[in-house]
Structures are given as C-alpha cells and as structure tokens.
Amino acid sequence: MIVKPFHGYRHGIGRERDLTKVVAPPYDQITPAMQERLYAMSPANIVRVSYPADQAQPGERADKYARAGETLTAWLREGVWAREASPAIYPYTQTYRVGGREVTRTGFVALGEVSDYAQGVVVPHERTHTGPKQDRLQLLQATGADIGLLFMLTADPEGALRAATAGTGEPIAEAHDLRGERHRLWRIIDPRQIARVQALMAPASVIIADGHHRYETAVEYARRHPGRVDKLMAFFALEAPGLTIFANHRLVHGVDGFSPARLRADAGRWFEVAPLPDPSAFRPTPTRIGVVAGAEAMVLALREGAEAQIPWPAGTSAAWRRLAVSILHESLLRPWLGIDAARLEAGTHVDYTADQDDAIRAAREGRCQAAFLIAPTTPAELQAVVQGGELLPQKSTHFYPKLLDGLVFARFEDT
C-alpha cells in the first residue's frame with residue numbers, strides 16, 4: 001500500500017483543540033435525528049459538507065451537493081478551516097469503554113493510493129450498492145474535498161508500524177463523539193519518520209473495515225480524473241488492542257405466516273430449542289443463537305453434526321460456514337423464513353442493530369416479528385474469510401467506535 005503525507009485541512013488551527021462541536025460520524029451512521037442534532041451543535045459542523053440535509057433552509061441552494069460545495073468554499077475563505085503549512089501524517093487514537101473497561105485503539109491518518117480489488121492491495125469484506133456510491137461521487141465532484149475517513153486494517157505483528165506512528169506530546173486536536181468516546185489527533189512532519197512509515201506500508205495489503213462505498217467511489221473518481229489516485233484513510237493494526245467488532249443483530253419483519261411456534265418447529269431440524277429466560281444476559285456464540293419474538297424467547301443451539309447437513313451456497317469455505325451470521329442466514333432465514341439474498345439486498349425483511357438490548361426491545365414492543373441475537377465476527381474470522389478471497393455475508397461486522405469526520409481532511413487540488 002502506497003501511503004503519502006498530505007496538507008491537512010483543520011478547524012481552528014492554533015486556536016481551538018476541542019473540536020467536539022464541529023465533528024460528525026461517518027455519513028452512513030447518521031440518522032435524521034442525529035443530522036438535526038449535528039446541525040444544531042455548530043454552524044461549522046462538518047456534517048453540512050459530509051452529509052448535507054436534503055431540505056434546504058430559506059435562501060440556500062436546493063441542490064444539496066452544490067450547497068455543500070458553497071459551504072466549504074465559504075469556510076475556507078473565512079478561515080473556519082485552514083490548510084496546514086507542511087504535509088504530514090496524523091497519529092489518531094480512539095479511547096472508549098467496552099465490556100466495563102477502557103480501551104485505546106491507535107492508528108494513523110494518511111493518503112492511501114486506491115487500486116482495483118483485483119490487484120490484491122486493498123481487500124474488501126462486503127458487497128456494495130449503487131445508490132450510496134452515486135451519492136458520494138456527486139459530493140466529491142461538487143466539493144473537491146476528501147472528508148470521509150476510511151477505516152483500514154493491516155498486519156503489524158511486531159508492532160513496528162504502531163511504534164513509527166505513535167503520537168507524542170499533546171494532541172493537536174481532540175473531540176468526543178455523540179456516544180462520548182474520545183478521539184485524539186497528532187501530527188508527524190519529520191521526513192525521515194514519514195519515510196519509515198511509507199517503507200513499512202509499501203509491502204502491506206489492507207482490509208477495508210468500514211468505507212467500502214467510499215473506497216469504490218474513490219476508484220471511480222480516479223478513473224474519471226487520471227492522477228487523482230489518493231484517498232483519505234485511517235490505518236489500524238489487526239493485532240493491536242481495541243479492534244472491537246460488535247454483532248449486527250437481525251430484526252426480522254414482514255414474513256408471511258410467521259409465528260414463534262412455527263419457528264420452533266422449523267428450527268428443530270438442525271437446532272436444539274430451549275427457553276431463554278433472560279435474553280439481556282444471553283451471550284451468543286456462533287452455534288448458539290438467541291431469539292426474541294414478542295413475549296417469547298428461546299435459544300437455538302446447533303446440533304452436533306448439523307453443520308454438514310445445512311444447504312450451504314456452493315463454493316463457500318469452512319471459515320465462511322463457521323460465521324455466526326452464515327449459520328443464521330443459511331439454516332433459518334433463507335430456508336424457513338424465505339429471506340434469500342435478493343430480499344436481504346432489497347432490505348424489505350431485515351433491519352439491523354448492534355445493540356442487543358435495543359434488539360430485544362424491538363421484539364418485545366412489536367417493532368419486528370423476531371430479533372435474532374448472534375455472536376460478533378472476530379478479527380481472526382474476518383481475516384480467515386477475506387484472505388481466502390471471499391466476502392462476508394451482508395452486515396457481518398459493526399466496528400466500534402466509528403471514526404470521526406472533521407478532525408482533518410484533504411482537498412484534491414493539493415494531491
């Protein structure tokens with residue numbers, strides 16, 4: 001992977017270090033309520049460029065992409081955001097709480113050169129959809145700015161990359177996201193240190209954790225604009241502490257003839273079915289799935305030897321078949337509930353949440369017919385599947401915490 005330093009654009013250089021009011025989550029994590037909250041936090045919140053509101057305010061351009069471009073131009077003209085004097089790479093840490101303990105994930109931000117997946121430098125783990133890529137491409141063309149960080153994973157078994165990109169001294173920027181987690185940014189401008197990082201990354205391949213649509217948009221942008229081959233990326237080590245992956249629990253709705261009794265009967269072919277007295281305390285494993293359907297709850301435990309009987313899609317590996325999400329999809333959702341790949345793609349029967357308690361509430365309150373509680377994909381499982389050239393089933397991972405937009409960004413005229 002070819003990485004490069006860049007002239008970062010930052011808010012309040014030399015004046016403000018706490019950027020909480022002007023940062024935002026990635027665009028695909030922003031609900032309408034969150035978008036409204038971010039707009040209210042500051043007239044300079046990056047969401048006005050990264051994910052502009054569909055509805056214009058009085059006096060604003062109706063075209064949201066043109067409006068985003070005009071907003072950014074005004075901010076740069078007025079010095080709200082300004083360009084760093086020297087190219088840099090930016091150490092980036094996220095400190096958060098999970099499982100009752102505090103964890104810090106360390107990485108760095110740089111420009112990474114994009115290439116077709118066939119070259120094997122950048123490896124995806126999920127499929128993409130046309131709509132989001134068209135949206136991101138229109139925004140890139142209107143703003144000329146690369147704002148959305150991609151979350152990339154790379155091997156660093158000896159820790160050399162982490163050592164070379166460690167932030168020292170006081171950070172140049174910090175912020176708390178909407179969940180209260182802390183993000184901090186440093187700056188490395190020493191050419192020798194940058195060259196060391198580039199040398200370590202040169203033979204490396206990277207896995208896209210979050211940002212498949214934005215990555216493929218960058219590839220298309222480079223095709224249309226020869227020479228514009230760089231994309232803003234944040235790189236993290238696969239082996240480092242803090243690589244937290246939550247499950248995306250499945251909320252099933254709109255299935256004709258669904259009932260808990262039918263589910264128990266259908267699941268009984270491959271699963272032992274038992275009551276689940278306290279779903280909140282349930283800890284799923286790949287072969288133990290929790291189900292909440294209205295007032296009822298059950299645990300489905302895959303019978304010994306049943307894995308060999310499940311009608312798996314042709315060509316899938318043993319690693320793919322061991323994923324909790326694969327077991328759920330291929331043993332229950334598809335054969336018994338009729339939710340096939342096309343319906344998953346259309347989004348007509350399944351919603352997702354990484355919050356187990358939220359999934360349980362949705363089922364209890366009747367917002368879905370059933371909530372399926374599954375184990376998260378582990379980093380080792382992710383590597384085993386993608387290194388074999390496969391993609392994971394849809395919504396197999398929820399990396400936490402998400403990266404922040406607005407700590408630093410790049411402009412194409414500088415690359």
Side-chain angles (χ1 to χ4, degrees), residues 1-6 8-9 23-30 46-47 49-51 88-94 105-117 119-129 132-133 135-137 139-140 143 145-156 161 165 177 183 185 197-198 201 204-223 228-238 240 242-245 379 382-383 386 391-392 396-412 415:
M1 165 59 73
I2 297 174
V3 300
K4 303 170 187 174
F6 66 103
Y9 285 78
V23 296
Y27 80 102
D28 57 354
Q29 300 296 308
I30 299 174
I46 198 66
V47 75
V49 175
S50 65
Y51 195 53
I89 62 174
Y90 296 85
Y92 178 19
T93 68
Q94 299 169 288
R105 181 161 68 208
T106 64
F108 69 98
V109 177
L111 296 182
E113 185 172 298
V114 301
S115 58
D116 291 332
Y117 292 144
Q119 296 184 27
V121 176
V122 177
V123 181
H125 81 264
E126 66 181 18
R127 291 179 175 83
T128 56
H129 309 287
K133 289 186 284 188
D135 166 68
R136 292 296 93 184
L137 186 59
L139 187 69
L140 282 178
T143 63
D146 188 0
I147 291 172
L149 276 175
L150 302 188
F151 186 171
M152 312 298 271
L153 301 172
T154 190
D156 183 31
L161 185 63
T165 57
D177 62 29
H183 302 245
L185 196 74
V197 175
Q198 290 175 309
M201 288 296 296
S205 62
V206 297
I207 299 170
I208 303 175
D210 278 338
H212 289 76
H213 290 98
R214 283 166 287 166
Y215 181 82
E216 292 179 20
T217 298
V219 173
E220 175 62 18
Y221 190 88
R223 187 187 69 79
R228 306 294 194 191
V229 296
D230 299 316
K231 175 76 186 81
L232 192 66
M233 302 179 184
F235 299 91
F236 296 86
L238 280 159
L243 186 55
T244 298
I245 307 176
L382 172 67
Q383 288 185 76
V386 302
L391 299 177
L392 278 68
S396 294
T397 57
H398 182 95
F399 290 90
Y400 185 84
K402 300 301 181 183
L403 308 184
L404 281 181
D405 289 348
L407 289 173
V408 63
F409 68 83
R411 295 186 73 203
F412 291 121
T415 62

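Each residue takes its place number in the sequence, starting with 1.
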Legend entry - Steps toward side-chain contact (heavy atoms from CB on, under 4.5 Å) verdict (Thr154, Leu238): CA-CA 6 Å; Thr154 190; Leu238 280 159; 5.9 Å; no
Please report the closest heavy-atom contact between [X] and [Y], naming both atoms and the distance.
X	Y	result
Ala110	Ile89	CB-CG2, 3.9 Å
Ser50	Asp405	CB-OD2, 4.0 Å
Met233	Gly112	CE-O, 3.5 Å
Gly406	Val23	C-CG1, 3.9 Å
Tyr400	Arg105	O-NH1, 3.0 Å
Ala222	Val229	CB-CA, 4.1 Å

Legend entry - Donor-acceptor pair between Asp28 and His213 side chains, under 3.5 angstrom: no
Taking only residues two or more places apart in sequence or in another chain, which ones pass side-chain contact (heavy atoms from CB on, under 4.5 Å) with [X]?
X	answer
Ala240	Arg162, Ala237
Ala234	Tyr92, Val109, Leu149, Phe236, Leu403
Asp210	Phe151, Phe399, Lys402
Val386	Val123, His125, Ile207, Leu382, Leu392

Inset, instruction - Step through the shown structure and confirm whether more than 12 heavy atoms of other residues, nucleotides or ligands are within 6.0 Å of CD1 on Ile2. - result: no
Inset, instruction - Check step by step if side-chain contact (heavy atoms from CB on, under 4.5 Å) holds for Leu111 and Lys231. - result: CA-CA 5 Å; Leu111 296 182; Lys231 175 76 186 81; over 6 Å; no
Are [X] and [Y] side-chain neighbours, meaning at least one heavy-atom pair lies under 4.5 Å?
X	Y	answer
Ile147	Val49	yes
Val206	Met201	yes
Val121	Met1	yes
Leu243	Leu153	yes
Asp177	Gln94	no
Leu140	Thr217	yes

Inset, instruction - Please answer whether the main-chain N or O of Leu150 pairs with a side-chain N or O of Arg214 as donor and acceptor at a distance below 3.5 Å. - result: no
Inset, instruction - Could you tell me whether the side chain of Tyr215 and the main chain of Ser115 form a donor-acceptor pair under 3.5 Å? - result: yes
Inset, instruction - Tell me, please, which residues at least two apart from Glu220 pass salt bridge (Lys or Arg N to Asp or Glu O under 4.0 Å). - result: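 With neighbours one apart ignored, the set is Arg223, Arg224.
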Inset, instruction - In sequence, state the C-alpha distance, the side-chain angles, and the governing distance for Phe409 and Asp146, and then conclude on side-chain contact (heavy atoms from CB on, under 4.5 Å). - result: CA-CA 6 Å; Phe409 68 83; Asp146 188 0; over 6 Å; no
Legend entry - For Tyr90, ring pair (Phe, Tyr, Trp, His ring centres under 6.0 Å) partners two or more places apart: Phe6
